[in-house]
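Before we start, here is the structure in question, set down as structure tokens.
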Amino acid sequence: MKNLKKFVALFLALAMCVCVFAACNGNKKPEDSTNNANPGNTATNDKPLVVGYSNFNEKFSPFFSETAYDQDVYAMTALALLNSDRTGAVIQKGIEGETIAYNGTDYTYYGPADLTITEDEATGYINYDFKLRDDITFSDGEKITVDDVIFSMYVLCDPTYDGASTLFAVPILGMNEYRAGMDTLLNLIFKAGKENTDFTYFTEEQQTAFWTAYDAATLALANEIIDFCIEAGYAEDAAGAAAAWGFAGANSAEDLAAMLTEAYGADVAGMINTENAGSTVEDLFPNLTDYSTVGVKTGDSAAKIEGIQKIDDYNMRVVLTEVDATAIYQLGVVIAPLHYYGNDSLFDYDNNKFGFEKGDLSSVRAKTTVPMGAGPYKFLKYENGVVYFEANETYYRGTPKTKYINFIEGSDADKLNGIVTGTIDITDPSFSADTVKAIKAANGLAEDADEVSGSKITVNTVDNLGYGYIGMSADSMNVGGVKDSEASKNLRKAFATVLAVYRDVAIDSYYGERASVINYPISNTSWAAPQATDADYKVAFSTDVNGKAIYTSDMDTEARYAAALEAALGYFEAAGYTVENGKVTAAPEGASTSYELWIPADGQGDHPSFMIVTLASEALAKIGVELIVKDLANSDDLWDGIEAGNVPMWCAAWQATVDPDMYQIYFSGNDNQAAGGSNYMYDIADEELNKLILAARASFDQSYRKTVYKQCLDIVVDWAVEIPVYQRQNAVIFSTERVNMATVTPDITTFYGWMSEIENTELN
């Protein structure tokens, strides 16, 4: 399940996939249809443009990337089937272009395809007809055809696909029939168990080999954890080491191995990556991919997806069985080269062959670290924390003017310093009050100056398509193991009430005017976001257990804090806790008076929500409840810990999509989560919420969808698994001295980043 973790939780997501920098948009029409390049646009500067980034995960794949930064790497090399304009609207006439006004200026947007959407009156099916340009090539000179698009779609719809995309959840005709009757060898063996005697789908030798390797891997990992903790001084013996690693009760390596097995199950890679104390997955379980990525036929299934139809080399149709307002965003897939990621000899549309053997994506996975496509740049290498790119001379919108670009990774503190010292040309520091102060100082401006940009640094800000939040796991934070009971919700609301009251002071301190507190789990950039002027708008977690308002207009800050704590006691008592003399003295069965909250604050409190959780921890201690704040130096530990189910509460941020579809985050209709989705984090299981999410998807009426989404948001708030915290601004900063600002994308927006016209950007 490690497909979406880091990306969704940090910046969130492909179906949640608006990247920090990149976008596959375009408003420059090529002038030479012979070689797809604009002859007046040539790479003339060999000096590399250097962009400062956070750490990469080296999954530079349009299919399997996890983080937004990794996505930016492949986006540099990629071309999407559909583009969007500065408001996020999809461009449906990309070949001839669409002219749309923004901020008083007309911009013409181009793309590789046209899209026509019609309804079949006889069947009620919705037809999405795509027409591709016939003169675009990949960076290696191979021509793009519909075969590449169909191949890309089939990868995303394969039964063994475990990446971030949820294209397979779109109601495409024949999708369920195609994906039926197959599972991975790993899942089948693990579900069968060690004592299995039915070898219908795998051999006894395979079963024996798997369990031998699995037991050896978990025991070796347990020993590594124990040795690591003892050598590092975290513990004196095996029991202490296990406890330090979050597995109290294990007194030996064997005990710890058993607990690791129970915690992770078939997610071997997640277990080893999460608890890594030295060895890699390949070291401990060298043949894991032989089990985890191999599809095994378990029943009947269709040989093709009936609704993905090839008309000719440059025309295709996708047929949906019902209206799906989100489909247009899912169908705009990255056009991946069949000949590179797949196998030309295995593509024969008429005979149901689509570039790889069904259930075997090994050829696609093999290219995960080396992307290739039809984007503006060619990937050269990733070495010593630097990604190197070279201009794609055949790029259909014109050869990029800057020949080389380097993405260099480093800490957030390195980003601004790199601009000042001249080692970085463009980057995206956290736009905190301290950052603004430092930028003004670098530009020789007074602290109270209204302007931020100057002779050294130019700043561009837009509202972030996403929001910061504090999450809770219903699976970890409940009473008696029943996550949807009123008692369990009251337990979570007790913590949420105290955490929520400190949002204003913390966000103002960290961001100043560059962020605002939000009260619903949705980005304020969305058309579906509730507004303070709405009749039913409510401040998050501002009522007590009886539904009465906690705060009054005449309360000062300290009075509000005291009122929140009093309301929390009421929630704890309603959850079954023993409350005596204004303190919690005992927890009900299956609950605790002590919970951990993980926050990726670089081990030094550098996080927008750090003040919130610190003040809340101090307040809760006054009423006998322990909130343990775990400040992580490495953010990867958070996502791995969440994946393992070891994190009761955490701080993070979602990256949203243009369409506020909630399917991927909150839907629980398929084994308690949308396949490929991220409900595993919250573990919500609410039938009414499921129905509302699907209802909103099944309409194009925006006013109706907004009403339905408000009902969804109210249910999420009632579950108290997510405390909305802040809507911030994104800042991209440029070296005014080194970057020719006249060549940077004009009118940058939330949906149209500076890299949207990267081919035009030049250095001075």
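Basis for what follows: all heavy atoms, side chains included, without hydrogens, waters or symmetry-related copies.
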K59 to F64, cation-pi by 6.0 Å centre distance and 45° axis angle
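The answer is no; the distance or angle limit is not met.
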
Distance-only polar pair, side chains of T99 and T108, donor-acceptor under 3.5 Å:
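Checked: T99/T108 side chains pair up, N/O donor to acceptor below 3.5 Å.
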
Please check if the side chain of R738 supplies one atom and the backbone of I419 the other of a donor-acceptor pair under 3.5 Å.
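Flag set: sc R738 to bb I419 pair under 3.5 Å.
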
Would you find more than 12 non-hydrogen atoms of other residues, nucleotides or ligands less than 6.0 Å from K706 atom NZ?
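Atom NZ in K706 is packed in, count exceeds 12.
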
In Å and rounded to the nearest 0.5 Å, what is the OG to CG distance from S432 to L416?
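Result: 9.0 Å between the selected atoms.
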
Would the number of heavy atoms belonging to other residues, nucleotides or ligands and lying under 6.0 Å from CD of Q604 be above 12?
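More than 12 heavy atoms, drawn from other residues, nucleotides or ligands, come within 6.0 Å of this atom.
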
Any donor-acceptor pair under 3.5 Å from N740 side chain to N764 backbone:
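No, N740 side chain to N764 backbone: no donor-acceptor pair under 3.5 Å.
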
Any non-hydrogen side-chain atom of S523 less than 4.5 Å from a side-chain atom of T525?
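Sidechains of T525 and S523: in contact.
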
Salt-bridge contact R86-E757 (side-chain N to carboxylate O under 4.0 Å)
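Counted as a salt bridge, because a side-chain N and a carboxylate O are separated by less than 4.0 Å.
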
Do the side chains of R705 and D659 get close enough for a salt bridge, i.e. N-O under 4.0 angstrom?
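Here R705 pairs with D659 in a salt bridge, since their nearest N and O are under 4.0 Å apart.
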
Do W527 and Y709 get their side chains close enough for a donor-acceptor pair, meaning under 3.5 Å?
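Their side chains do not contain a donor-acceptor pair, so the 3.5 Å distance test is not met.
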
Can you tell me which residue among T427, D72, N406 is in a side chain to side chain donor-acceptor pair (under 3.5 Å) with Y53?
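Checked T427, D72, N406 against Y53; only one passes side chain to side chain donor-acceptor pair (under 3.5 Å): D72.
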
Inspect the contact between E447 and K437 and indicate whether a charged nitrogen and a carboxylate oxygen are less than 4.0 angstrom apart.
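Judged by the 4.0 Å cut-off on N to carboxylate O distance, K437 and E447 do form a salt bridge.
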
Are the side chains of F389 and Y404 in contact, using a 4.5 Å heavy-atom criterion?
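Result no, sub-4.5 Å side-chain heavy-atom pair not found.
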
Less than 4.5 Å apart, any side-chain heavy atom of I426 and any of L49?
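SC-SC contact between I426 and L49 confirmed.
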
We want to know whether D85 and Y107 form a side-chain donor-acceptor pair, criterion being a heavy-atom distance below 3.5 angstrom.
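The answer is no; no qualifying pair exists.
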
Stepwise side-chain contact (heavy atoms from CB on, under 4.5 Å) test for I405 and V51
CA-CA 8 Å; I405 291 182; V51 186; 4.2 Å; yes

Hey, are the side chains of M755 and M76 touching, using non-hydrogen atoms and a 4.5 Å cut-off?
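Touching, per the 4.5 Å side-chain cut-off.
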
Does the side chain of L499 reach to within under 4.5 Å of the side chain of L627, using non-hydrogen atoms?
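With C-beta onward as the side chain, the pair touches.
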
Do I522 and P724 have side-chain heavy atoms sitting under 4.5 Å apart?
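I522 does not reach P724 side chain to side chain.
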
Decide yes or no on side-chain hydrogen bond (donor to acceptor under 3.5 Å, both in side chains) for N519 and R503, but give the supporting numbers first.
CA-CA 10 Å; N519 290 302; R503 295 176 302 164; 2.9 Å; yes

Closest non-hydrogen atom pair between I599 and S609, with its separation
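Scanning both residues completely, I find the closest heavy atoms to be CD1-C, 3.9 Å.
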
Determine whether Y510 and F431 satisfy the following criterion, side-chain contact (heavy atoms from CB on, under 4.5 Å), listing intermediate values before the conclusion.
CA-CA 9 Å; Y510 193 88; F431 204 47; over 6 Å; no

Can you find a side-chain donor-acceptor pair between E722 and Y666 that sits under 3.5 Å?
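Side chains of E722 and Y666: pair found under 3.5 Å.
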
Do the side chain of Q531 and the main chain of A529 share a donor and acceptor less than 3.5 angstrom apart?
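Pair found, side chain donor or acceptor close to backbone of A529.
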
Before giving the answer on side-chain hydrogen bond (donor to acceptor under 3.5 Å, both in side chains), spell out for D504 and Y726 the whole-Å C-alpha distance, their side-chain angles and the decisive distance to 0.1 Å.
CA-CA 9 Å; D504 289 296; Y726 63 87; over 6 Å; no

Tell me, please, which residues at least two apart from E737 pass salt bridge (charged side-chain N to carboxylate O under 4.0 Å, His left out).
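Applying salt bridge (charged side-chain N to carboxylate O under 4.0 Å, His left out) to E737 gives K456.
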
Answer whether the closest heavy-atom distance between the side chains of Y382 and E58 falls below 4.5 Å.
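Of all side-chain heavy-atom pairs linking E58 with Y382, at least one is under 4.5 Å.
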
Hydrogens and angles aside, do N103 and D747 bring a side-chain donor and acceptor to less than 3.5 Å of each other?
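N103 vs D747: donor-acceptor pair found between side chains.
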
Using only atom types and a distance under 3.5 Å, with no angle test, would you say the side chain of D425 pairs donor to acceptor with the backbone of V50?
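Yes, because the side chain of D425 sits within donor-acceptor range (under 3.5 Å) of the backbone of V50.
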
Have E759 and T399 got a donor and an acceptor in their side chains that come within less than 3.5 Å?
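Looking only at side-chain atoms, T399 and E759 do not form any donor-acceptor pair under 3.5 Å.
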
Do side-chain atoms of Y561 reach the backbone of A616 as a donor and acceptor pair under 3.5 angstrom?
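Not confirmed, Y561 side chain does not pair with A616 backbone.
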
Non-hydrogen atoms of F610 and A601 that approach each other most closely
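Result for this residue pair: CD1-CB, 4.1 Å.
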
Give the minimum heavy-atom separation between I642 and V647, together with the two atoms involved.
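Nearest pair, atom of I642 first, then V647: N-CG2, 3.5 Å.
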
Contact summary for Y69 and S54, nearest pair of heavy atoms:
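Closest approach of Y69 to S54, heavy atoms only: CE1-CB, 3.3 Å.
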
